[in-house]
Engineer: 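I am attaching a structure below and will ask some questions about it afterwards.
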Amino acid sequence: MFPIDLLDAAPEGSPHPSSSPLLAHLNPEQLAAVTLPAGHALILAGAGSGKTRVLTTRIAWLLQTGQATPGSILAVTFTNKAAKEMLARLSAMLPYNVRGMWIGTFHGLCNRLLRAHHQAARLPQAFQILDTQDQLSAIKRLCKQFNVDDERFPPKQLMYFIAGCKEEGMRPGDVVASDPDTRKKVEIYQLYEEQCQREGVVDFGELMLRSFELLRDDEHLRHHYQRRFQHILVDEFQDTNKLQYQWLKQLAGNEVGGRYVSGSSVIAVGDDDQSIYAFRGARVGNMADFIREFDVRQQIKLEQNYRSYSNILDCANALISHNSNRLGKNLRTAQGPGEPVRIYEAPSDLAEASWMVDEIKQLVKNDGYARQEIAVLYRSNAQSRAIESALFNAAIPYRVYGGLRFFERAEIKHALAYLRLLENPHDDTSFLRVVNFPPRGIGARTIEVLQDTARSSGTSLSDAVTAVGGAAGTKLQGFVAKIDVLREQTQGKTLREIIETVEEESGLLEHYRNEKEGADRIENLQELVTAAESFVTQEGFGRDAIALPLDEQQNARPGQDLTQSPASQGLDPDAPLLDEPLRPPAGTAAAMVNADTGETLSPLAAFLTHAALEAGDNQAQAGQDAVQLMTVHASKGLEFDAVFIGGMEEGLFPHENAMMDRGGLEEERRLAYVAITRARKRLYLSHSQTRMLHGQTRYNVKSRFFDELPEEALKWITPRQGGFGTFAPHSGAYGAYGSRASGQLGSNSGWAGKPDVFASPPVPPRKAEPSHGLKAGMNVFHNKFGEGKVLALEGTGDDARAQVSFGRHGTKWLALSIAKLTIVE
DNA sequence: TGAGATCTATCAACT
DNA sequence: ATAGATCTCA
């Protein structure tokens, strides 16, 4: 039925069966989306509507029908997880290698572009990528050097400022600075840029911005990629920021009077209800702009949900209907109501965790759920600790995504810093990280002198050591010599050997062997070797780093001249060119070759890139049948048979910090919507009366989101136990909890014949109603802290406490028998 | 001057 | 709870 075998990239590829099963089982909307004629289109895809399936099937269909070659396809996602998922599905669908396609995250593809054209982008080929930690420490270093008042300009705030500018596509010169503070920030931004350029490092924002400018300013190169990528597919389009949208426009090509009427076909897939990244510059408005600027004629809504039972979906629909400014979409399912959504109230976070564990045991044992089909979601990473320890104690395998990830651990960053110095001695951030770690007698004073020397001579720290005299200078030179020796020693070695050598010779292993808490760290350092090993052997090796050689005769021949294209405008042509990067020795195994330029990148450089772009999971044992733990953000795009959402409490979910932002509550609600729609069969929501946070106990009121769910889809499984209900009527600025909940609680004792789940630890009895007359949401006045707002209340009589937010003085818990609070009207 | 001890601020999400 | 910053002693 389809012409096939047009894929020269897979000469041995076995012909696909002509009666393609590809399009079978698609519903009419999905089919329409998959088989859209070339052109721009927007697909509004609700949660669980088969979005990834549509995307991957379209790619497969384009290839199978000969409308596209692998090299003409660019598919971009936000997370590594989504990119991997897409690749995995495509490999399963297609009989040939999928590597010729550019499929990856925005940052991954930008990295690929910049590596391929590093000269045009004025970067060393082995440029290093700063993660958030590195970026912050680079900014701190800069501030110290230029005596920036870190009271007035906290480094973190500067980092947000810089990242924000880049997300908007603004260089320092583009920022309109009307007040002195902004002018100062712009000045620091400028200095920061110079520092990064000098050191040959780029941050996440720079990856995007630099590759955008590369395309914008280098006509030759832009045309090459515009011709090449005839089919551009964008996943999670609602999460694109301004710069990413502009980046896409550069690739789409053929702008005529502000309209992108022809050129490549851009298919944007998104869901405004799942926009959860406004905090980092995502612009839902890009969807409307896309429709206008690309003159989109084809809009398809995917509203049929194949994932969840209707009780779950009803909850999601009801919740999200409380948001305004929606494009309008309602999920429907052909499945029955399924089981009710269970809601549990725990007395403490530990009790919440142990309830989850009990419930998970039941699910696995009695109901035959696979552990990997059970997920525990939470709003913030700090919540995972309690759940982890409960799972650990119950000997249930689990896997945590996010949190302190593998490549972010201190010992790993130390090892990576040594490795980075091998690749690029001018990486001052890495230099400073390990110049005195393990301690080798180089103190703050010496480093200060070195930094002064480097600054006045305009060189990197590494180059400046020779200019420092005395004993301090000798020590410094000793350190640099050590790095140089390491670089010598590791020449021609495999990645594994390089890392092993560095870990041993740097003294890191020795240092941790002598440290009493060092065993875990040593284990992690060994794990780094393993990670490198699997990076080398793993399928898709270097995908993010650089393309493997591939047959691209279907594409416009890139040609060597691309690398000789004139230096991009917009960058200072007089900026000193950095040294040519180290080339891997000839014959080194697995040196990677850039398909577009023929240049090679050493396995070590590729691995370092991998480490920066994919922070890695923090649990080593992957692929096991393990319960999945992650933040709600990390869960987007995934689905599970059973989902637990813990910590549904005011201040946590919705998060108190989010409430400060404009539109913050709505984003929190979308976040809850995302969380709910992850569940296929069972959904559990829970909240806890108390929670350890920052080392102290906090008392939380249940989330307002509970009040926005349809009662008939819920089942409250908390035993009464005489506890919270007594003060519940006073806990709510949000209304109906008390009356409704007490009725629910009473009518729901004993479901599903599992009385043991009710065995929650006893709650301290409370006798009387609180008499202070305070309610959450009231404004109060405190003699010392001034005016504040009551966030939550707890306890009665002498034990009564109120959580009050005092703005400048922060949020405090106050014992009402002691603190004098007056109600402000 | 450097190393260890103590104090303090932080703690939302992702690349 | 934890890391980072500051302080004190050798």
Side-chain angles (χ1 to χ4, degrees), chain A residues 76-83 104-111 129-137 140 144 150 154-156 160 163 166-167 202-208 236 239-241 243-244 275-282 377-383 385-386 401-405 407-410 413 436-449 470-472 475 515 517 544 609-616 630-637 647 651-661 664 667-668 670-671 674-675 691-696 698 810-811:
Chain A
V76 59
T77 66
F78 273 86
T79 61
N80 292 305
K81 211 183 279 169
T105 63
F106 274 102
H107 294 89
L109 296 179
C110 286
N111 171 60
I129 298 167
L130 301 184
D131 66 15
T132 313
Q133 277 179 41
D134 301 329
Q135 194 184 3
L136 188 61
S137 70
K140 281 183 184 164
K144 203 167 263 176
D150 59 0
K156 218 164 201 173
Y160 294 140
K166 292 188 180 184
E167 275 153 11
V202 298
D203 59 40
F204 287 131
E206 188 70 22
L207 278 175
M208 276 309 314
E236 309 281 13
D239 286 335
T240 50
N241 63 34
L243 177 58
Q244 284 158 339
S275 157
I276 55 174
Y277 286 107
F279 73 93
R280 66 161 200 216
L377 310 182
Y378 33 82
R379 177 65 180 82
S380 64
N381 272 309
Q383 287 168 257
R385 197 171 295 274
Y401 292 89
L404 183 59
R405 295 142 113 201
F407 289 116
E408 291 167 2
R409 289 167 192 273
K413 296 220 60 146
N436 195 35
F437 195 93
R440 45 176 73 88
I442 299 172
R445 186 76 198 96
T446 304
I447 289 166
E448 227 166 86
V449 171
K475 285 177 185 166
E515 201 178 61
E517 308 290 332
D544 275 331
T609 294
H610 168 80
L613 284 177
E614 288 193 52
M630 66 190 83
T631 63
V632 178
H633 281 90
S635 76
K636 187 154 77 145
L652 195 56
F653 203 178
H655 198 280
E656 55 200 359
N657 295 4
M659 310 299 277
M660 313 291 176
D661 307 342
E667 180 146 319
E668 292 293 301
R670 290 193 295 270
L671 206 45
V674 166
R691 189 170 293 279
M692 280 293 265
L693 202 64
H694 310 181
Q696 62 177 12
R698 276 178 51 147
T811 301

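Convention: sequence-line order gives letters A, B, ...; per-chain numbering from 1.
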Engineer: Select one nucleotide: of B:dG2, B:dC14, B:dA12, the one nearest the side-chain heavy atoms of A:Thr446.
Structural biologist: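 For A:Thr446, the side-chain atoms sit closest to B:dG2.
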Engineer: Would you say the ring centers of A:Phe279 and A:His633 fall short of 6.0 Å from each other?
Structural biologist: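 When the ring centroids of A:Phe279 and A:His633 are compared, they turn out to be within the sub-6.0 Å range.
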Engineer: Take atom CG of A:Leu109 and atom P of B:dT15, then tell me their distance rounded to the nearest Å.
Structural biologist: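 Rounding to the nearest Å, CG of A:Leu109 and P of B:dT15 are 14 Å apart.
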Engineer: How many Å lie between CD1 on A:Ile447 and P on C:dA5, as a whole number?
Structural biologist: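 It works out to 13 Å between those atoms.
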Engineer: With the side chain of A:Asn436 defined as its heavy atoms from C-beta on, choose the nearest nucleotide among B:dA3, B:dA13, B:dT15.
Structural biologist: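 It is B:dA3.
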Engineer: Just jot down the side-chain contact (heavy atoms from CB on, under 4.5 Å) partners of A:Lys413, sequence neighbours excluded, or say none.
Structural biologist: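 A:Asp131, A:Gln133, A:Asp134, A:Arg433.
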Engineer: Report the nucleotide, chosen from B:dT15, B:dC14, C:dA1, that has the shortest atom-to-atom distance to any side-chain atom of A:Ala634.
Structural biologist: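 Looking only at side-chain atoms, A:Ala634 lies closest to B:dC14.
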Engineer: Between B:dA12 and A:Phe279, is there a base-stacking contact, meaning the centre of the base's six-membered ring lies under 5.5 Å from the residue's ring centre while the planes stay under 30° apart?
Structural biologist: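 It does not: the ring fails the test against the base of B:dA12.
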Engineer: Tell me whether the OP1 or OP2 atom of B:dA12 has a side-chain N or O from A:Thr631 closer than 4.0 Å.
Structural biologist: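 No.
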Engineer: Out of C:dT2, B:dC14, B:dT15, which nucleotide sits closest to the side chain of A:Arg385?
Structural biologist: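 The listed nucleotide nearest to A:Arg385's side chain is C:dT2.
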Engineer: Using a strict 4.0 Å threshold on nitrogen-to-oxygen distance, state whether A:Arg379 and A:Glu668 make a salt bridge.
Structural biologist: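 A:Glu668 and A:Arg379: salt-bridged.
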Engineer: Tell me the interatomic distance from A:Met659, atom CE, to B:dA12, atom C1', rounded to whole angstroms.
Structural biologist: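 A:Met659 atom CE is separated from B:dA12 atom C1' by 14 Å.
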Engineer: Checking all strands, does A:Ala472 fall into the base, sugar-phosphate, or nothing category for heavy-atom contacts under 4.0 angstrom?
Structural biologist: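 Contact class for A:Ala472: none.
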Engineer: Given that A:Ile442 and A:Glu667 both sit by DNA chain B, which one's nearest nucleotide is further toward the 5' end?
Structural biologist: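 Nearest-nucleotide comparison on DNA chain B picks A:Ile442.
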Engineer: Assign A:Phe78 to base, sugar-phosphate, or nothing according to its heavy-atom contacts below 4.0 angstrom with the strands shown.
Structural biologist: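 The residue A:Phe78 makes sugar-phosphate contact but no base contact.
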Engineer: Could you check A:Gly441 against A:Phe106 and say which one's nearest nucleotide on DNA chain B is further toward the 5' end?
Structural biologist: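 Of the two residues, A:Gly441 wins.
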Engineer: Nearest of B:dA12, B:dA13, B:dT15 to any side-chain atom of A:Asn657?
Structural biologist: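 Looking only at side-chain atoms, A:Asn657 lies closest to B:dA12.
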Engineer: Counting side-chain heavy atoms from CB outward, which of B:dA12, B:dT15, C:dA5 is closest to A:Lys140?
Structural biologist: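 Out of B:dA12, B:dT15, C:dA5, the nucleotide with an atom closest to A:Lys140's side chain is C:dA5.
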Engineer: Would you say the side chain of A:Gln383 lies within less than 4.5 Å of the side chain of A:Phe653, judging by non-hydrogen atoms?
Structural biologist: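 Heavy-atom side-chain distance check fails, nothing below 4.5 Å.
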Engineer: Can you check the A:Asn241 CG to B:dC14 P distance for me, whole Å?
Structural biologist: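 Roughly 16 Å, once rounded to whole Å.
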Engineer: Given atom CD1 of A:Ile276 and atom P of B:dC14, what is their separation to the nearest angstrom?
Structural biologist: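 A:Ile276 atom CD1 is separated from B:dC14 atom P by 9 Å.
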Engineer: Among B:dT15, B:dC14, B:dA12, find the nucleotide with the atom closest to the side chain of A:His107.
Structural biologist: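 From the listed options, B:dT15 comes nearest.
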Engineer: Look at the side chain of A:Asn381 and decide which nucleotide, out of B:dA13, B:dA3, B:dT15, has an atom nearest to it.
Structural biologist: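 Closest of the options to the side chain of A:Asn381: B:dA13.
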Engineer: To the nearest Å, how far apart are A:Leu652 CG and B:dA13 P?
Structural biologist: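 Taking atom P of B:dA13 as the reference, CG of A:Leu652 is at 11 Å.
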Engineer: Taking the minimum atom-to-atom distance to the side chain of A:Arg445, which one of B:dT15, B:dG2, B:dA12 wins?
Structural biologist: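 So the side chain of A:Arg445 is nearest to B:dG2.
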Engineer: For A:Phe204, check ring pair (Phe, Tyr, Trp, His ring centres under 6.0 Å) against everything at least two apart and list the hits.
Structural biologist: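 Checked A:Phe204 against ring pair (Phe, Tyr, Trp, His ring centres under 6.0 Å); matches are A:His107.
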Engineer: Any side-chain donor-acceptor pair under 3.5 Å between A:Asn241 and A:Glu167?
Structural biologist: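 Side chains of A:Asn241 and A:Glu167: no pair found under 3.5 Å.
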Engineer: Expressed in angstrom and rounded to an integer, what is the separation of A:Arg280 atom CZ from B:dT15 atom P?
Structural biologist: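 Value for this atom pair: 7 Å.
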Engineer: Rounded off to whole Å, could you give me the CG-to-P distance for the A:Leu243 and B:dT15 pair?
Structural biologist: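 My rounded result for the distance is 17 Å.
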Engineer: Mind checking if A:Glu448 touches a base, just sugar-phosphate, or nothing, with heavy atoms under 4.0 Å?
Structural biologist: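 Touches nothing.
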